[in-house]
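Please read all numbers here as calculations on a predicted model, not as lab measurements. These values consider heavy atoms only, across backbone and side chains, with no hydrogens, waters or symmetry-generated copies. Lettering follows sequence order; numbering is per chain, from 1.
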Amino acid sequence: MVEKLNQNDNFLKGIIKDNPVFVMLLGMCPTLGVTSSAFNGLGMGIATLFVLLMSNIVVSLIKSQIPNKVRIPAFIIIIASFVTIVEMVLEAFIPFLYEQLGIFIPLIVVNCLILGRAEAFASKNNLISSFVDALGMGIGFTIALTLLGAVREILGSGSLFDLKFVSENANTFILFILPPGAFIALAYLSVLFNKVTKTNS
Amino acid sequence: MEYILILIAAVFVNNIVLSQFLGICPFLGVSNKVSTSIGMSGAVLFVMTIATLATYLLHQFVLIPSGLDYLRTITFILVIASLVQMVEIILKKVSPPLYQALGVFLPLITTNCAVLGVAILALGLENGSLLKAVFFAIANSIGFALALIVFASIREQLELADIPKGMKGVPINLLVAGLLSLAFLGFTGLA
């Protein structure tokens with residue numbers, strides 16, 4: 001781990017071993033808040049992936065210029081700038097998603113996953129490693145959100161990515177698209193995730 | 001009457017943690033003891049109220065007149081981060097006992113999305129005024145405190161329960177939070 005990071009492992013750790021949602025429990029607010037459908041989960045995941053990627057790149061490029069004492073405020077400004085970009089782009093080009101995600105877009109700033117990676121990884125590693133780290137973590141986050149969104153959408157509205165596969169007036173578990181369903185679905189998904197990853201290793 | 005409705009809506013109907021999913025990190029992180037959860041709630045009440053006051057004024061008198069509304073996210077998070085630092089320093093000087101009680105929680109609050117979330121939501125209130133925004137912040141921090149303290153007391157009991165191996169730790173906590181949220185769903189339509 002000292003000099004040469006194996007980029008393959010570096011990439012994969014974000015998806016399985018250190019999955020931000022299921023293992024590290026970072027960024028729980030958007031995870032629970034926007035995943036009432038698979039599409040929203042995917043949208044939030046990609047928005048976070050973009051911010052994470054850009055902030056890790058910038059932080060690792062200018063890490064030697066930032067005085068140690070003010071590094072956290074500096075990281076927050078870098079992250080907030082990219083969040084503002086995402087906010088404006090979404091509002092202009094995908095207004096539907098912008099409405100759906102609502103307050104959780106500006107709240108990407110306080111997603112502990114992004115600040116956590118800037119502080120724990122990008123401020124100590126070179127550009128390429130930081131890029132790969134952000135890519136892995138971001139994809140791990142996106143997969144988790146899409147999965148949770150898909151489970152909730154299938155159970156709660158009987159559809160997946162807005163494609164309905166039950167009849168119009170069939171009874172579905174509406175509970176799962178309501179707030180309690182987010183907690184319950186995530187609880188069982190993380191049991192399942194632990195079970196699968198533990199038996200593999 | 002309007003203010004009572006805001007209070008009931010924020011505490012029970014749209015509880016900030018259990019139905020709006022803001023502040024989940026401290027909700028899951030510092031809820032293993034009732035005493036720490038009370039300390040955290042106090043710190044949140046304090047910071048959320050001051051932060052909303054500051055950001056509301058900043059938004060009304062600086063950002064809107066100069067047409068810089070798009071800088072909202074950046075300025076708000078900076079204001080909140082520096083405010084937390086300032087509160088910490090002042091508290092240390094002025095009231096050491098209060099600092100003793102809240103001190104450890106203050107740095108954690110910068111990344112508590114409930115604070116930024118409420119500051120942004122307070123801008124969107126109907127017929128908004130400064131008083132209403134501040135009241136909204138207080139009401140939401142009471143909602144946060146209620147959810148956190150109830151959850152912490154359940155978790156204290158859970159220590160003694162016999163939990164299946166795979167469910168131990170995070171999953172059982174999430175499940176308890178889910179049931180708690182289900183209970184709060186019963187308040188829908190109250191306000």
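- Within 6.0 Å of the CD1 atom in A:Ile174, the count of heavy atoms belonging to other residues, nucleotides or ligands does not exceed 12.
- Looking at B:Val17, only its backbone comes within 4.5 Å of chain A, counting heavy atoms on both sides.
- Between A:Ile108 and B:Thr73 there is no side-chain heavy-atom pair separated by less than 4.5 Å.
- Looking at A:Ile103, the atoms closer than 4.5 Å to chain B (heavy atoms on both sides) all sit in the side chain, from C-beta outward.
- When side chains are defined from C-beta on, A:Phe183 does not count as touching B:Asn173, because their heavy atoms never get closer than 4.5 Å.
- Of all heavy-atom pairs spanning B:Leu116 and A:Pro106, the tightest one is CD2-O, 4.1 Å.
- The number of heavy atoms from other shown groups lying within 6.0 Å of NZ (A:Lys124) is above 12.
- For A:Leu178, the part sitting under 4.5 Å from any heavy atom of chain B is the side chain, from C-beta outward, and nothing else.
- By number of non-hydrogen pairs under 4.5 angstrom with chain B, the leading residue of A:Ser190, A:Pro73, A:Ala187 is A:Ala187.
- In this structure, A:Phe161 places its CZ atom where more than 12 heavy-atom neighbours from other residues, nucleotides or ligands lie under 6.0 Å away.
- Neither the backbone nor the side chain of A:Ile79 comes within less than 4.5 Å of any heavy atom of chain B.
- To the nearest 0.5 Å, atoms SG (A:Cys29) and CD (B:Gln20) are separated by 11.5 Å.
- A:Tyr188 has its side chain out of reach of B:Pro171: every pair of non-hydrogen atoms, C-beta onward, lies at least 4.5 Å apart.
- You'll find the side chain of B:Phe21 stays beyond 4.5 Å of the side chain of A:Thr35, heavy atoms only.
- Atom OG1 of A:Thr84 sits about 11.0 Å away from atom CD1 of B:Ile77, to the nearest 0.5 Å.
- Taking the side chain as every heavy atom from C-beta outward, A:Leu175 and B:Leu182 approach each other to under 4.5 Å.
- Using a 4.5 Å cut-off on side-chain heavy atoms (C-beta onward), A:Pro180 and B:Leu179 make no contact.
- When heavy atoms are compared at a cutoff of 4.5 Å, B:Leu175 approaches chain A by way of both its backbone and its side chain.
- Counting only heavy atoms from C-beta outward, the side chains of A:Ile184 and B:Leu174 never approach each other to under 4.5 Å.
- Under the ring pair (Phe, Tyr, Trp, His ring centres under 6.0 Å) criterion, B:Phe135 pairs with B:Tyr3, not counting sequence neighbours.
- To the nearest 0.5 Å, the span separating CG on B:Leu22 from CG on A:Leu32 amounts to 11.0 Å.
- Counting heavy-atom neighbours within 6.0 Å of A:Phe173 CZ, excluding the residue itself, gives a total of 12 or less.
- Enclosure of atom CD1 in A:Ile62 by more than 12 non-hydrogen atoms of other residues, nucleotides or ligands within 6.0 angstrom is indicated.
- For a residue to count as touching a neighbouring chain, one of its non-hydrogen atoms must lie under 4.5 Å from one of that chain's; by this rule A:Ser81 touches chain B with backbone and side chain alike.
- Counting heavy atoms from C-beta outward, B:Leu18 and A:Pro179 have side chains that stay 4.5 Å or more apart.
- For B:Leu180, no part sits under 4.5 Å from any heavy atom of chain A, backbone or side chain.
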